[in-house]
J.: 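Mind having a look at this structure? Questions to follow.
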There are 2 protein chains.
Amino acid sequence: MVTTPRNTRQRRAVAAILEDLDGFASAQEIHDLLRHRGESVGLSTVYRNLQALSDSAEIDALRNDDGETLYRQCSTGHHHHLVCRACGRTVEVAGPTVERWADAIAAEHGFVDVAHTLEIFGTCGDCTP
Amino acid sequence: MVTTPRNTRQRRAVAAILEDLDGFASAQEIHDLLRHRGESVGLSTVYRNLQALSDSAEIDALRNDDGETLYRQCSTGHHHHLVCRACGRTVEVAGPTVERWADAIAAEHGFVDVAHTLEIFGTCGDCTP
DNA sequence: CCGCGGATGGGAACCATTGTCAAATTGATG
DNA sequence: CATCAATTTGACAATGGTTCCCATCCGCGG
Ligand SMILES: [Zn+2]
Ligand SMILES: [Zn+2]
Ligand SMILES: [Zn+2]
Ligand SMILES: [Zn+2]
């Protein structure tokens, strides 16, 4: 049986933050932002809600070079990201050619249950003095 | 002043393991393999040597879904990987089109100091019953 | 063979993330 | 509105990969 998630203050607060952010942010950053807004939410709860949102594909997640998981509310549909290492600013990019290429390579070598990760990192204009 | 790394038994043992492996492996797996070979090496030392080899671009490193860093001695030159999630077996793949595409996208949006990550994960034929 | 400084290793420290569990909250029901 | 089961929360402990610390070791040039 599928259980609908409850509409708690904490869940709403996390969703609202993601709504307002335009770049990727870590769970801890989001936790801090919530605190500064006065809508304090336990760190575990922030993690849990981000995980849940990510599992239900409502938000995107990726890992940065430091091994942290970053979250962002993106448009629907499969895409990849051009992310600023300094400020998290993100441009969504579609690469249909890449998708097909990856799947073809995998099939060619007899791999199944295929997934791919593709992210582009750089420093955006605003963060380049 | 550039200091040449010393030729220690431990460094040689780690290099030898990488020489023999054909797939990606974690630091801990390599540590175990060394122990089973009788060429025991401290875990810290395994981490240090893998890091050093990775820094000097003598081996490749990537992170799996579990957040572990995996290492492999690959051919020289830029390439990406098709990796079996179950056994680590790896096929090196070149994607010149993807490289150019990624750089073009980044430039188009004013990003500098650009890098990209691209890995394909799947289950290889041997690991599919 | 000496001596210097890099290398080692065992254990502590780090740190993002997950687990625990009693207490609080939600939402359905009467 | 009151009741109550089930879900969610949050303070804290635990986890696990990785790095740090530092006394000791040892490769290597002289
Ligand atoms: Zn996205
Ligand atoms: Zn930026
Ligand atoms: Zn490689
Ligand atoms: Zn396999």
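Quick note on labels: first sequence line is chain A, next is B, and so on, each numbered from 1.
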J.: Rounded to whole angstroms, how far apart are CG on B:Leu70 and C1' on D:dT18?
T.: 14 Å
J.: Using a 4.0 Å heavy-atom cut-off to protein, can you give one letter per nucleotide of nucleotides 10-15 of chain C, 5' to 3': B if the base is in contact, S if only the sugar-phosphate is, - if neither?
T.: BB----
J.: Between A:His109 (side chain) and A:Ala107 (backbone), is there a donor-acceptor pair under 3.5 Å?
T.: no
J.: With a 4.0 Å limit, can you tell me whether B:Gln51 has a side-chain N or O closer than that to the phosphate oxygens OP1/OP2 of D:dT18?
T.: no
J.: Table please: side-chain donor-acceptor pairs of residues 121-128 of chain A below 3.5 Å, with sequence neighbours left out.
T.:
unit_1   : atom_1 : unit_2   : atom_2 : d
A:Thr128 : OG1    : A:Cys124 : O      : 2.9

J.: Report yes if at least one side-chain N or O of A:Tyr47 is closer than 4.0 Å to OP1 or OP2 of C:dT17; otherwise report no.
T.: yes
J.: Answer yes or no: does a side-chain N or O of B:Arg9 lie under 4.0 Å from OP1 or OP2 of C:dG9?
T.: yes
J.: When you check the side-chain N and O atoms of B:Thr8 and B:Arg11, is any donor under 3.5 Å from an acceptor?
T.: no
J.: Just jot down the ring-ring contact (aromatic ring centres under 6.0 Å, His included) partners of B:Phe24, sequence neighbours excluded, or say none.
T.: B:His81
J.: When we call it a touch if two heavy atoms are under 4.0 Å apart, what does B:Arg12 touch: a base, just sugar-phosphate, or nothing?
T.: nothing
J.: Atom CG of A:Leu50 and atom P of C:dT18: how far apart are they, to the nearest Å?
T.: 10 Å
J.: Send over the distance from B:His31 NE2 to D:dT18 C1', rounded to a whole Å.
T.: 13 Å
J.: Ignoring backbone atoms, establish whether A:Gln10 has a side-chain N or O less than 4.0 Å from OP1 or OP2 of D:dT8.
T.: no
J.: Remember a base hit wins even if backbone is also touched, and classify B:Asp66 as base, sugar-phosphate or nothing at under 4.0 Å, heavy atoms.
T.: nothing
J.: What nucleotide among D:dT18, C:dA7, C:dG27 has an atom nearest to a side-chain atom of B:Pro5?
T.: C:dA7
J.: If a pair satisfies ring-ring contact (aromatic ring centres under 6.0 Å, His included) and one of its residues is in residues 27-59 of chain A, list it, with sequence neighbours excluded.
T.: none
J.: Scan A:Asn49 against the nucleic acid and name what it touches under 4.0 Å (heavy atoms): base, sugar-phosphate only, or nothing.
T.: sugar-phosphate
J.: Under 4.0 Å: is that the gap between some side-chain N or O of A:Thr8 and OP1 or OP2 of C:dT26?
T.: no
J.: Once you round it to whole Å, what is the distance between P of C:dT25 and CZ of A:Arg11?
T.: 17 Å
J.: Go through the side-chain N and O atoms of B:His79 and B:Glu99 and say whether any donor and acceptor fall under 3.5 Å apart.
T.: no
J.: For B:Tyr71 and for A:Ser40, find the nucleotide of DNA chain D with the closest heavy atom, then tell me which residue's nucleotide is more 5'.
T.: A:Ser40
J.: Side-chain atoms of residues 52-59 of chain B: list all donor-acceptor pairs with protein atoms under 3.5 Å, sequence neighbours left out, distances to 0.1 Å.
T.:
unit_1  : atom_1 : unit_2  : atom_2 : d
B:Ser56 : OG     : B:Ala52 : O      : 3.1
B:Ser56 : OG     : B:Leu53 : O      : 3.2
B:Ser56 : OG     : B:Glu58 : OE2    : 2.7

J.: Would you tabulate the nitrogen or oxygen pairs shorter than 3.5 Å linking the protein to nucleotides 4-6 of chain D?
T.:
unit_1 : atom_1 : unit_2 : atom_2 : d
D:dA6  : N3     : A:Arg6 : NH1    : 3.4
D:dA6  : N3     : A:Arg6 : NH2    : 2.5

J.: Any idea which of C:dT8, D:dT19, D:dG27 is nearest the B:Asn7 side chain?
T.: D:dG27
J.: Regarding A:Thr69, tell me which of base, sugar-phosphate or nothing describes its non-hydrogen contacts under 4.0 Å with the strands shown.
T.: sugar-phosphate
J.: We want to know whether B:Arg85 and B:Asn64 form a side-chain donor-acceptor pair, criterion being a heavy-atom distance below 3.5 angstrom.
T.: no
J.: Tell me if the aromatic rings of B:His78 and B:His116 count as close, with their centers under 6.0 Å from one another.
T.: yes
J.: Mind running salt bridge (Lys or Arg N to Asp or Glu O under 4.0 Å) on A:Glu92 and A:Arg72 for me, showing each step along the way?
T.: CA-CA 11 Å; A:Glu92 298 183 27; A:Arg72 177 174 189 258; 3.0 Å; yes
